Amino acid sequence: MKFKGFGPGACGFFADLAATNTKANFLGLKTIFDEEIVGPMNALLWQMQDRFGGESKLFRQHRDVRFSKDKSPYKTATYGGVYNPAHAMGWYVAIDARGFFAGRGIYQMTPEDLNQYRLAVADQGGAKLAKAVARAEKAGVEISGEALKTAPRGFDRDHPRVDLLRRKNLIAGQRIPASEMTGTAPWKHAQAVWKRTQSIADWMDGALR
């Protein structure tokens, strides 16, 4: 199975779904979803797993609405990733109405890993992570993830790397618009993003593995 690109109606599917997020509309668009989104995404994840090892996962399209005020039944993006336990950060890809996103990330740290991460950031070696993040951002990579409003307990709020200390998870990625998603462009984009974020992933491996 080789990734040959998403279908021409892929991004439009998500725009339609966002406008009318109902089961009836989703089922009416399901052929596009299966053939132009899910099929290509599974091929892309297979290529990723073949390259990086570990296991791939395509996340379910249904939303968990049990504890949400928003009862829209479907997510307006399709995303998946590859997880190799030898590495702290996974490889992620996503497609939605805006285009295609690729990145590296660690979405949920255990309390032990989070404490170890913060100790490493606060130490002198944390300067290497700050430099790696700055280089990635200069190359157009966006750093995102859940963060505290202030420094975590036990750490100086005036620490030079307080922005990194505040983070509860770390995602580094970059998007291309729908207009640039022709053919295998998403795969080429993903490879470029993973290269730009490799030094961040290497630091995370050193801190948590």
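What you are looking at is a predicted structure, and each value in this text was computed from that prediction instead of being measured.
Across Glu35 and Pro40, no two heavy atoms sit closer than the pair O-CD, 3.3 Å. Among all heavy-atom pairs drawn from Asn25 and Asp16, the shortest one is ND2-O, 3.4 Å. Annotation for Asn21 and Tyr74: closest pair ND2-O, 2.9 Å, computed over non-hydrogen atoms. The two atoms that bring Gly81 and Leu45 nearest to each other are N-CD2, 3.6 Å, heavy atoms only. Scanning both residues, Ala88 and Ile106, for their nearest heavy atoms gives O-CD1, 3.7 Å. For Val141 against Gln174, the heavy-atom pair with the smallest separation is CG2-OE1, 3.7 Å.
With hydrophobic clusters built from ILVMFWY side chains whose heavy atoms lie under 4.5 angstrom apart, Leu58 does not share a cluster with Phe101. Leu165 and Leu208 fall within a single hydrophobic cluster, where Ile, Leu, Val, Met, Phe, Trp and Tyr are joined by side-chain heavy atoms under 4.5 Å apart, directly or via other members. In the hydrophobic cluster analysis, where Ile, Leu, Val, Met, Phe, Trp and Tyr join through side-chain heavy atoms closer than 4.5 angstrom, Val38 is grouped together with Met181. If you chain together hydrophobic residues whose side chains sit under 4.5 Å apart, Met89 and Val93 never meet in one group. Hydrophobic clustering (ILVMFWY, side-chain heavy atoms < 4.5 Å, transitive): Val193 and Met204 are in distinct clusters.
With hydrogens and angles left out, the side-chain atoms of Asp70 and Ser72 include a donor and acceptor closer than 3.5 Å.
Using a distance-only test at 3.5 Å, with no hydrogens or angles considered, a donor-acceptor pair links the side chain of Glu36 to the main chain of Gly9. Counting only distance, with no hydrogens or angles, the side chain of Lys71 and the backbone of Val65 share a donor-acceptor pair below 3.5 Å. In this structure, the side chain of Asp64 engages the main chain of Arg66 through a donor-acceptor pair within 3.5 Å. A donor-acceptor pair under 3.5 Å links the side-chain atoms of Arg60 to the main chain of His62, judged by distance alone. A donor-acceptor pair is defined here as one N or O able to donate and one able to accept, closer than 3.5 Å; no such pair exists between the side chain of Arg166 and the backbone of Ala151. Between the side chain of Tyr117 and the backbone N or O of Asn169, no donor-acceptor pair lies under 3.5 Å. Formation of a donor-acceptor pair under 3.5 Å by the Arg161 side chain with backbone atoms of Asp123 is found in this model.
Counting only heavy atoms from C-beta outward, the side chains of Arg104 and Ile200 never approach each other to under 4.5 Å. Side-chain contact between Asp163 and Ile143: absent, with no pair of heavy atoms (C-beta onward) separated by less than 4.5 Å. Arg167 is not listed as a side-chain neighbour of Val121, based on a closest heavy-atom distance of 4.5 Å or more. The shortest side-chain heavy-atom distance between Met48 and Trp187 falls under the 4.5 Å cut-off. The shortest side-chain heavy-atom distance between His87 and Phe52 does not fall under the 4.5 Å cut-off. No side-chain heavy atom of Val162 sits less than 4.5 Å from a side-chain heavy atom of Phe155. Considering only heavy atoms from C-beta on, Trp203 comes within 4.5 Å of Leu129 through its side chain. The closest side-chain heavy-atom distance from Phe59 to Lys75 is below 4.5 Å.
Remark: Arg175 engages Asp96 in a salt bridge, criterion side-chain N to carboxylate O under 4.0 Å. Under the 4.0 Å criterion applied to side-chain N and carboxylate O atoms, Arg209 and Asp205 are not assigned as salt-bridge partners.
Note that CD of Gln47 is 9.0 Å distant from OG1 of Thr184, once rounded to the nearest 0.5 Å. The structure places CD1 of Ile37 at 11.5 Å from OG1 of Thr31, a figure rounded to the nearest 0.5 Å. Here CZ of Phe33 is found 9.5 Å from CE of Met41. Values are rounded to the nearest 0.5 Å. Going from atom CG of Asn84 over to atom CD of Gln49 covers 9.5 Å, rounded to the nearest 0.5 Å. Once rounded to the nearest 0.5 Å, the distance linking CD1 of Ile176 with NZ of Lys188 reads 11.0 Å. Between Glu146 atom CD and Met109 atom CE the span is 11.0 Å, to the nearest 0.5 Å.
No more than 12 heavy atoms of other residues, nucleotides or ligands shown are found within 6.0 angstrom of CZ on Arg98. The number of heavy atoms from other shown groups lying within 6.0 Å of NZ (Lys2) does not exceed 12. Counting heavy atoms of neighbouring residues, nucleotides and ligands inside a 6.0 Å radius, atom CD of Gln116 exceeds 12 of them.
For the side-chain contact (heavy atoms from CB on, under 4.5 Å) with Ser56, the qualifying choice from Asn42, Asp50, Val82 is Val82, the only one to do so. For the ring-ring contact (aromatic ring centres under 6.0 Å, His included) test with Tyr92, the passing option among Tyr107, Trp194, Tyr79 is Tyr107; the others fail.
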- Message: With side chain to side chain contact (heavy atoms under 4.5 Å, CB included) as the criterion, how do Gln61 and Phe26 come out once you've worked through the C-alpha distance, each side chain's angles and the decisive distance to 0.1 Å?
- Response: CA-CA 10 Å; Gln61 201 66 32; Phe26 179 81; 4.2 Å; yes
- Item | Stepwise side chain to side chain contact (heavy atoms under 4.5 Å, CB included) check, Thr78 with Phe6 | CA-CA 12 Å; Thr78 295; Phe6 294 101; over 6 Å; no
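Applying the side chain to side chain donor-acceptor pair (under 3.5 Å) criterion to Lys131, with sequence neighbours excluded, gives no partner residue. Contacts of Asp158 classified as side chain to side chain donor-acceptor pair (under 3.5 Å), with partners at least two apart in sequence or in another chain: none.
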